[in-house]
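Throughout, a chain's letter reflects where its sequence line sits, starting with A, and its residues are numbered from 1.
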Amino acid sequence: MKSKDTAISPTRKENYQDWYLEVIKAAGLAENSPTRGSMIIKPWGYSLWENIQSVLDGFFKETGHENAYFPLLIPLRFFQKEAEHVEGFAKECAVVTHHKLEMDDAGKLVPAGPLEELYIIRPTSETIIGDAFSRWVQSYRDLPLLINQWANVMRWEMRPRLFLRTAEFLWQEGHTVHSTSAEAVEETLQMLDIYEKFAKEYLAIPVIKGQKTPDEKFPGADTTYTIEGMMQDGKALQCGTSHFLGQNFAKASEIKFITEEGREEFAWTTSWGVSTRLIGGMIMTHSDDDGLVLPPRIAPVQVVILPMYKNQDDKPRVMEYAQALLQEINSTSYFGGKIRARIDTKEMKGGDKFWNNVKKGIPVRIEIGSREMDQNVLSVGRRDLPARDRLKISKEEFIAQLPQMLEDIHQSIYGKALANLELNTKVIDSFDSFVAYFKDSENSGFASCYGSIESVDQEELQKTLKDLKVSPRCIPLATIEDKGTCIFTGKANQPRIIYARSY
RNA sequence: CGGGGCGUAGCGCAGUCCGGUUAGCGCGCCUGCCUUGGGAGCAGGAGGCCGCAGGUUCGAAUCCCGCCGCCCCGACCA
């Protein structure tokens, strides 16, 4: 094959959507399955999820949460209890109506045994967990109740996209119960902080912490908080949400407790979640026209050794050297863990092997062959730098510098993402410039402007936003005290709202 | 769920309008030779219910009907 300018085609500039799908394919992260809207997560993609799980699970446990598991199927009557919740999710619920299959006359399997009690496949678990909580919570002594579940959920999406929006997806959902409103709000914000920390420190994704406007909040929540990231095409991606549910679900599920004073009161609940969408966000934030770029702290393999040998006679010597190098790397640490390294032993031509590992996004590549061995150096490539650049460095120096190199890569890709976010966030002062900002470009980015909650109910504004495909993403917590005149309604003393196109 | 495009080998496609030998091509895969540090070359080989199911016909990848899936644009969303 002729050598190409970029390993991925089309490039981001040529067609961002197709580029995204190609990156996933080339890295072997996931593929479509025979089941509509549901993806097959391949080992390389799943190992990313495993790392996400293990880090977050640690954070959850450090903050006193325990894992539990609730059923996949939720009795329809439970789901019915919270009106707003129903309105939000009813349209995308898969329903289980039968409990067996029978062969018809034509020899085809058909559903039989209709269920008396219908079930939905959980789109989220507030209702069935709430039912359990109503029994678990009796007294103020049972509170707070801090539960998390790792699970799959299903939302029958009209337009699925790998990782970003699939009918079935993997996530964690935290569900907590508190005796006071203030404590529940505190929990909601604590978990939002954990998500922000995780996004920044592990996925190297800069995010804006904010509050959702009423039209964008979780159905049934009093307040929804979000972390919003900006992809390389300027679109927003909601990377995680944390909800203060008030007493809505407590009332729907009868979660009541006896206070110290002996009064019976409804409890206050929260829920919060992140999903496999994070993987999509990570891909879109960092990857380039040569494929996936993995943040070092979450990469399943942080360093890959590529043995290059001219012939089978040369192989033992190179492999032996590679093994020894692997041992040395494995005995070094980065960010609180042993450095994860492996040798790519696949029998492949040098060039193929090289580009495969580029496309997999492995942060550091080491090529060793007789050339390096004779000179007693390593050829080292960093995934955040052009693929063809190599650093010649002695083994000793490399081992000594490796932790810092991984750290540099993390900082470098985070820095690039942050620059993208900052460069493409514009302060907008008027309705006209708001419209112009989004009309001028498909890849506008974020508009930060004073907006009122009421403005979302204005029909004319609704239409304008719809035409521009723009929606309010959040009211950033960082600027929540910064008040001004709403550019849509003229109402004074309103907070800044981030508007953007989104995934 | 509406509008548009598309389903042919693992991947990317031609052939479909206008039905007619044995369904092709490139990449990949296997074998051998030759190569070997930047996605090599030559030779040989394997691999297809032409998305699924009906229909029209002597004959269907090709025409008609239905269904399923994928991509794009709307409506909806983590």
Side-chain angles (χ1 to χ4, degrees), chain A residues 1-9 15-18 20-22 25-26 31-39 87-93 106 108 123-124 152-173 195 212 215-219 224 226-229 236-243 271-281 290-291 306-315 318 347-359 365-374 379 381 387-390 392 466-467 469 471 502-503:
Chain A
M1 195 193 284
K2 273 187 285 183
S3 74
K4 303 177 221 159
D5 295 340
T6 61
I8 298 295
S9 155
N15 186 333
Y16 195 79
Q17 305 310 319
D18 287 354
Y20 172 73
L21 293 170
E22 280 302 316
K25 194 194 281 185
E31 60 190 32
N32 281 313
S33 73
T35 309
R36 198 205 90 95
S38 298
M39 64 180 164
E87 202 186 317
F89 285 108
K91 276 172 288 192
E92 46 194 41
C93 281
K108 269 184 151 177
T124 178
N152 55 343
V153 289
M154 176 160 271
R155 298 179 187 177
W156 209 264
E157 296 293 346
M158 288 306 152
R159 212 153 85 200
R161 283 168 59 61
L162 290 177
F163 289 114
L164 297 176
R165 197 188 301 106
T166 46
E168 180 186 359
F169 58 93
L170 305 181
W171 78 344
Q172 59 68 216
E173 47 181 326
Y195 287 157
K212 284 289 186 187
D215 54 319
E216 294 280 329
K217 74 177 172 59
F218 177 76
T224 287
T226 175
I227 51 170
E228 297 280 329
L237 182 74
Q238 181 174 311
C239 293
T241 47
S242 186
H243 316 291
S271 70
W272 27 275
V274 296
S275 71
T276 35
R277 172 180 270 191
L278 281 176
I279 296 174
D290 286 329
L306 308 176
M308 301 288 189
Y309 33 83
K310 297 205 189 299
N311 51 53
Q312 290 300 312
D313 294 342
D314 231 15
K315 187 177 169 184
V318 175
E347 286 291 345
M348 245 180 174
K349 296 227 173 60
D352 289 337
K353 190 179 270 194
F354 176 84
W355 285 107
N356 261 350
N357 283 285
V358 170
K359 287 185 283 193
R365 298 178 307 273
I366 308 168
E367 292 162 81
I368 32 171
S370 48
R371 199 182 294 166
E372 282 80 8
M373 290 169 67
D374 295 343
S379 289
R388 291 173 177 83
D389 289 4
R390 289 151 175 94
K392 295 269 184 193
K466 188 173 276 186
D467 289 348
K469 295 183 225 165
S471 57
S502 71
Y503 280 101

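For A14(B), there is no paired base (Watson-Crick or G-U wobble, both distances below 3.5 Å). Summarising the base pairing, G41(B) is matched to C33(B) through a Watson-Crick or G-U wobble pair whose two defining distances lie under 3.5 Å. Taking a pair to require two hydrogen-bonding distances under 3.5 Å in either a Watson-Crick or a G-U wobble arrangement, C52(B) pairs with G66(B). Nucleotide G47(B) forms no Watson-Crick or G-U wobble pair with any nucleotide shown, as no partner meets the under 3.5 Å limit on both distances. Across the strands present, A9(B) finds no partner; the criterion is a Watson-Crick or G-U wobble pair with both atom distances under 3.5 angstrom.
With A78(B), G37(B), C71(B) as the choices, the nucleotide that has an atom nearest any side-chain atom of Thr166(A) turns out to be A78(B). Side chain of Glu367(A), nearest nucleotide from G38(B), A40(B), A78(B): G38(B). The side chain of Trp355(A) sits closest to G39(B) out of G39(B), C70(B), A78(B). Distances from the side chain of Lys469(A) to the nucleotides G74(B), C77(B), C11(B) place G74(B) closest.
The shortest distance between side-chain heavy atoms of Arg277(A) and Phe163(A) does not fall below 4.5 Å.
Distance alone, capped at 3.5 Å, is enough to place a donor-acceptor pair between the Gln172(A) side chain and the Val274(A) backbone.
For Arg155(A) and C77(B), a side-chain-to-base donor-acceptor distance below 3.5 Å is absent, hydrogens and geometry of angles not being considered. For G38(B), its base sits under 3.5 Å from the side chain of Arg390(A) at one donor and acceptor pair at least.
Taking atom CZ of Arg165(A) as the reference point, atom C1' of C72(B) lies 13 Å away to the nearest angstrom. Atom CD in Glu22(A) sits about 8 Å away from atom P in G12(B), given to the nearest Å.
Within the 4.0 angstrom heavy-atom criterion, no nucleotide atom of any strand lies near Thr124(A). Heavy atoms of Gln238(A) sit under 4.0 angstrom from primed sugar atoms or phosphate atoms, though from no base atom. Heavy atoms of Lys315(A) sit nowhere under 4.0 angstrom from any nucleic acid atom. Across all strands shown, Gly37(A) has heavy atoms under 4.0 Å from sugar-phosphate atoms exclusively, and none from any base. No contact: Thr241(A) has no heavy atom under 4.0 Å from any strand. Heavy atoms of Phe169(A) sit under 4.0 angstrom from at least one base atom.
The side chain of Lys91(A) contributes no N or O atom lying less than 4.0 Å from OP1 or OP2 of A75(B). Of the side-chain N and O atoms in Arg365(A), none sit less than 4.0 angstrom from OP1 or OP2 of G38(B). Listed pair Arg159(A) / C70(B) fails the phosphate criterion, with no side-chain N or O lying under 4.0 Å from OP1 or OP2.
Nucleotides G28(B) and A46(B), compared at atom C1', are 13 Å apart to the nearest Å. Distance check on atom P: C76(B) versus C68(B) gives 23 Å, rounded to whole Å.
A distance of 7.5 Å separates CD in Glu228(A) from CG in Leu237(A), rounded to the nearest 0.5 Å.
One finds no salt bridge joining Lys25(A) and Glu31(A) here, because no Lys/Arg side-chain nitrogen approaches an Asp/Glu carboxylate oxygen to under 4.0 Å.
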